[in-house]
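Indexing begins at 1, ligand by ligand and atom by atom, following the structure's order. These values consider heavy atoms only, across backbone and side chains, with no hydrogens, waters or symmetry-generated copies. The shown structure was predicted, so the numbers you read here are calculated from the model rather than taken from an experiment.
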Amino acid sequence: MSNIREIALAPEGHQKIAWVEGHMPVLRSIREEFERDQPFAGKKIALSIHLEAKTAYLCKVLAAGGAQMYVTGSNPLSTQDDVAAALVEDGLTVCAWHNATPEEYRSHIRQTVSCGPDIVIDDGGDLVEMLHSQFPHLCEKVIGGCEETTTGVLRLRSMDRDGALKFPMIMVNDAQCKFLFDNRYGTGQSVWDGINRTTNLIVAGKTVVVCGYGWCGKGVAMRAKGLGAKVIVTEIDPIKAIEAIMDGFEVMPMLQAAAMGDFFVTVTGCRDVITKAHFEQMKDGAILCNAGHFDVEVDVAGLREMAVEIKEQRHNIVGYKLPNGRWLSVLAQGRLVNLASGDGHPAEIMDMSFAIQALSARWLVEKGATQKINQVPREIDEDVARRKLRFEGCDIDTLTPAQQQYLESWSVE
Ligand code: NAD
Ligand code: SAH
């Protein structure tokens, strides 16, 4: 049974889903194949991904392939109630609402996994963790699952290392058609979309501190530069630090960067990246936000303890006045700013990420995985890239037999 906020919101949700569908040609082509082949006939899929329009379209594509869909969100702030309502009207089971309390959020995941899924699709690992900790008896039935993001992949690897993982998982995040585009270009654009629509402030001429120069950090830094900011990067990995320098950014420790930034964006997947010692150094009016998986990168609890005054400055912006008289502003409670304060990555990006999800789920059912941790098969990655190129109207060259032979030979003859 569904558990959503308000079914009357469905018309707005249908409109949002129709808009993204128009910009997701790769997934549309997969939908046609699923409708014809019914790969998920008789199968239950439990899915936990940010419940907004692009995710809803993925759910509809899987349902078109015969799946019974049980859907929840992967973050209390990114669920959109109108989209949830539209899916329920389309006959899917949805348990989620915007701004759920931590207890409600957990309870929505619990209601979703209790369907006894054959396949799970997760973003960050909360759904898989819940199945293992609270429904161990349901794990046996699970054919396998797919994980959407970097942090979820890390958690699964830890579970596997401890011998705890009970069914095979596919690391969707690690597919090239995922992280090269979603983490880099998707996060790069949607983080600035979230910051700009929340603050409505100029970025040009400001100093932006990007914490973490992984795939997401590269995108956020690149787009900050494009908007005219001076960009500082902080890192803990010496190789990534050199990469940032060669890409034209300044690199320094967080304590030093703290005094210089106008905007701070954390994208590390780590914890305690910006803490009390850093807040003390910051300029009056500094803006802090996070785009990494959990809300532990900026120590918002520590900031609350230090503050002599706290007030809501604007929707999704909370101001904290420090004993030194300076105000710091935190966006979206330190949760992912692009999803909690925006619509997340653009449709064309999620088209590729979710095409990998859909084809990986099909692969699990039809081929079956033999190991617990599985990479996305190379042919799926290439299939998605070729479809995307086709829809971009772009052709590429093919190796001639002589070129192929040249590349494979080791002899000088
Ligand atoms: P990544 O592993 O490629 O990069 C993380 C980087 O952070 C690494 O270079 C690492 O050395 C660095 N780092 C770790 N701890 C640090 C610290 N204390 N200080 C400075 N740097 C530190 O990962 P990624 O793919 O860029 O993902 C980063 C996070 O963003 C993950 O939590 C991931 O789940 C999340 N993510 C968010 C979105 C989004 O839409 N907001 C999209 C994709 C991924
Ligand atoms: N589950 C985490 C968040 C991980 S966010 C949480 O607790 O907040 C990172 C993932 O969100 C990325 O891997 C990306 O693929 C996904 N994402 C980004 N924009 C999205 C969108 N518009 N719709 C659905 N998922 C999105």
Undergrad: Could you tell me whether the side chains of Asp299 and Thr275 share a donor-acceptor contact shorter than 3.5 Å?
TA: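 The criterion, which ignores hydrogens and geometry beyond distance, is not satisfied for Thr275 and Asp299.
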Undergrad: Considering only protein heavy atoms, which is closest to atom 23 (O) of ligand 1, and at what distance to one decimal place?
TA: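 Nearest neighbour among protein heavy atoms for atom 23 (O) of ligand 1, to 0.1 Å: Thr150 CG2, 3.6 Å.
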Undergrad: Tell me: protein heavy atom nearest atom 3 (O) of ligand 1, and distance?
TA: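 The protein heavy atom lying closest is Trp215 N, 3.2 Å.
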Undergrad: Please report the closest heavy-atom contact between Thr199 and Ile317, naming both atoms and the distance.
TA: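 So the two residues come closest at CA-CD1, 4.1 Å.
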Undergrad: For atom 41 (N) of ligand 1, what's the nearest protein heavy-atom neighbour? Residue, atom name and distance, please.
TA: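 Protein heavy atom at minimum distance: Ala291 O, 2.9 Å.
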Undergrad: Regarding ligand 2, does Ser353 bring an N or O atom to under 3.5 Å of one of the ligand's N or O atoms?
TA: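 So ligand 2 has no N or O lying under 3.5 Å from an N or O of Ser353.
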Undergrad: Tell me the contacting part of Thr149 for ligand 2: side chain, backbone, both, or neither, using a 4.0 Å heavy-atom threshold, strictly below.
TA: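 The answer is both, backbone and side chain.
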Undergrad: Indicate yes or no: does an N/O atom of Cys216 lie under 3.5 Å from an N/O atom of ligand 1?
TA: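 Min N/O separation from ligand 1 is below 3.5 Å for Cys216.
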Undergrad: Looking only at protein heavy atoms, identify the closest one to atom 23 (N) of ligand 2 and say how far it is in Å.
TA: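 Here the closest protein heavy atom is Glu52 OE2, 2.7 Å.
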Undergrad: Tell me whether Glu297 has any N or O atom under 3.5 angstrom from an N or O of ligand 1.
TA: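 Between Glu297 and ligand 1, no N or O pair is found under 3.5 Å apart.
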Undergrad: I'd like to know if the side chain of Glu297 reaches the main chain of Thr268, judged simply by a donor and an acceptor atom lying under 3.5 Å from each other, with no hydrogens or angles considered.
TA: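 The answer is yes, because a donor-acceptor pair under 3.5 Å joins these two groups.
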Undergrad: Might you point out which heavy atoms bring Met1 and Cys95 nearest each other, and give the distance in Å?
TA: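 Here Met1 and Cys95 meet closest at O-SG, 3.7 Å.
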Undergrad: Around Glu348, counting heavy atoms of other residues, nucleotides and ligands shown, do more than 12 lie under 6.0 Å from its CD?
TA: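 More than 12 heavy atoms, drawn from other residues, nucleotides or ligands, come within 6.0 Å of this atom.
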Undergrad: Before accepting this row, confirm whether a basic side-chain N of the pair Glu52/Lys16 lies closer than 4.0 Å to the acidic partner's carboxylate O.
TA: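 A salt bridge is absent here (no side-chain N lies under 4.0 Å from a carboxylate O).
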Undergrad: Please indicate whether any nitrogen or oxygen in Ser74 is less than 3.5 Å from any nitrogen or oxygen in ligand 2.
TA: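 Yes - when backbone and side-chain N and O of Ser74 are compared with those of ligand 2, one distance drops under 3.5 Å.
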Undergrad: For atom 1 (P) of ligand 1, grab the closest protein heavy atom and report residue, atom and distance to one decimal in Å.
TA: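 Heavy-atom neighbour on the protein nearest atom 1 (P) of ligand 1: Gly214 CA, 3.9 Å.
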Undergrad: With side chains defined as the heavy atoms from C-beta onward, is the minimum distance between Asp182 and Met352 less than 4.5 Å?
TA: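 Asp182 vs Met352: side chains apart.
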Undergrad: Distance only, no hydrogens: is a donor on one side chain within 3.5 Å (strictly under) of an acceptor on the other, for His345 and Ser190?
TA: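 Result is yes, a qualifying pair exists.
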Undergrad: Is the shortest distance from a heavy atom of Arg335 to ligand 2 less than 4.0 Å?
TA: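 Judged by the 4.0 Å heavy-atom criterion, Arg335 does not count as contacting ligand 2.
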Undergrad: Flag Asn183 as yes when one of its N or O atoms lies below 3.5 Å from any N or O atom of ligand 2, and as no otherwise.
TA: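 In this structure, Asn183 places no N or O atom under 3.5 Å from an N or O of ligand 2.
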Undergrad: Under 4.0 Å from a heavy atom of Asn75: which atoms of ligand 2 are those, numbered in the order shown and with their elements?
TA: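 This gives 6 (C), 7 (O), 8 (O) as the contact atoms.
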Undergrad: For ligand 1, is any non-hydrogen atom under 4.0 Å from Lys240's backbone (N, CA, C, O), its side chain (CB onward), both, or neither?
TA: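 Side chain only; the backbone of Lys240 stays clear of ligand 1.
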Undergrad: Ring centroids only, cut at 6.0 angstrom: are Phe40 and Phe34 within range, meaning strictly under it?
TA: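 When the ring centroids of Phe40 and Phe34 are compared, they turn out to be within the sub-6.0 Å range.
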Undergrad: Is it the side chain, the backbone, both or neither of Asn173 that has a heavy atom closer than 4.0 Å to ligand 2?
TA: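 The answer is neither; Asn173 stays 4.0 Å or more away.
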Undergrad: Which heavy atom of His108 sits nearest to which heavy atom of Ala96, and what is that distance?
TA: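 Minimum heavy-atom contact is ND1-CA, 3.5 Å.
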Undergrad: With a heavy-atom distance limit of 4.0 Å, tell me whether Leu336 approaches ligand 1 through its side chain, its backbone, both, or neither.
TA: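 Side chain only.
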Undergrad: For Ile49, which part has a heavy atom under 4.0 Å from ligand 2: side chain, backbone, both, or neither?
TA: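 It is the side chain that gets close, since no backbone atom is under 4.0 Å.
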Undergrad: Check the orientation of Phe167 and His132. Use parallel for under 30°, tilted for 30 to 60°, and perpendicular for over 60°.
TA: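 Tilted: the ring planes of Phe167 and His132 meet at 30° to 60°.
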Undergrad: When you measure from atom 13 (N) of ligand 1 to every protein heavy atom, which one gives the shortest distance, and what is it?
TA: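 For atom 13 (N) of ligand 1, the nearest protein heavy atom is Ile236 CG1, 3.6 Å.
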Undergrad: Of the backbone atoms (N, CA, C, O) and the side-chain heavy atoms from C-beta on, which set of Phe354 has a member under 4.0 Å from an atom of ligand 2: side chain, backbone, both, or neither?
TA: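 The answer is the side chain of Phe354.
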Undergrad: If you take the nearest heavy atom of each of Thr268, Asn183, Asp237, Thr187, which one is closest to atom 7 (O) of ligand 1?
TA: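 Checking each option, the heavy atom nearest atom 7 (O) of ligand 1 is found in Thr268.
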Undergrad: Of all the non-hydrogen atoms in the protein, which one sits nearest to atom 13 (O) of ligand 2, and at what distance?
TA: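 It is Lys178 NZ, 2.7 Å.
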Undergrad: With a 4.0 Å cut-off on heavy atoms, does Met254 reach ligand 1?
TA: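 Flag not set, Met254 not near ligand 1.
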Undergrad: Looking only at protein heavy atoms, which one is nearest to atom 32 (O) of ligand 1, and how far off is it?
TA: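 Closest protein heavy atom to atom 32 (O) of ligand 1: Thr151 OG1, 2.6 Å.
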Undergrad: For atom 19 (N) of ligand 2, what is the closest protein heavy atom, and at what distance to 0.1 Å?
TA: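 Protein heavy atom at minimum distance: His345 N, 2.9 Å.
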Undergrad: Hey, looking at atom 3 (C) of ligand 2, which of Glu148, Lys54, His50 has the closest heavy atom?
TA: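 Looking at heavy atoms only, His50 sits closest to atom 3 (C) of ligand 2.
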Undergrad: Between Phe181 and Ile349, what is the shortest heavy-atom contact and its length?
TA: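 So the minimum-distance heavy-atom pair works out to O-CD1, 3.6 Å.
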Undergrad: Quick check, are the ring centers of His23 and Tyr57 under 6.0 angstrom apart?
TA: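 No, the ring centres sit 6.0 Å or more apart.
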Undergrad: Please report which non-hydrogen protein atom sits nearest to atom 26 (C) of ligand 2, along with the residue it belongs to and the distance in Å to one decimal place.
TA: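 For this ligand atom, the closest protein heavy atom is Met350 CE, 3.5 Å.
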Undergrad: So which protein heavy atom does atom 15 (N) of ligand 1 come closest to, and at what separation?
TA: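 Heavy-atom neighbour on the protein nearest atom 15 (N) of ligand 1: Cys270 CB, 3.3 Å.
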Undergrad: Under 3.5 Å, is there a donor-acceptor pair between the Arg223 and Gln189 side chains?
TA: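 Distance-only check fails for Arg223 and Gln189.
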Undergrad: Look at atom CZ of Arg314 and say whether more than 12 heavy atoms of other residues, nucleotides or ligands are closer to it than 6.0 Å.
TA: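 Yes, the 6.0 Å shell around CZ holds more than 12 heavy atoms from other groups.
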Undergrad: Between Thr55 and ligand 2, find which residue part has any heavy-atom pair under 4.0 Å and reply side chain, backbone, both or neither.
TA: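 Within the 4.0 Å criterion, Thr55 contacts ligand 2 through side-chain atoms alone.
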Undergrad: Identify the closest protein heavy atom to atom 11 (O) of ligand 1: which residue and atom is it, and at what distance?
TA: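 Nearest neighbour among protein heavy atoms for atom 11 (O) of ligand 1, to 0.1 Å: Glu235 OE1, 2.8 Å.
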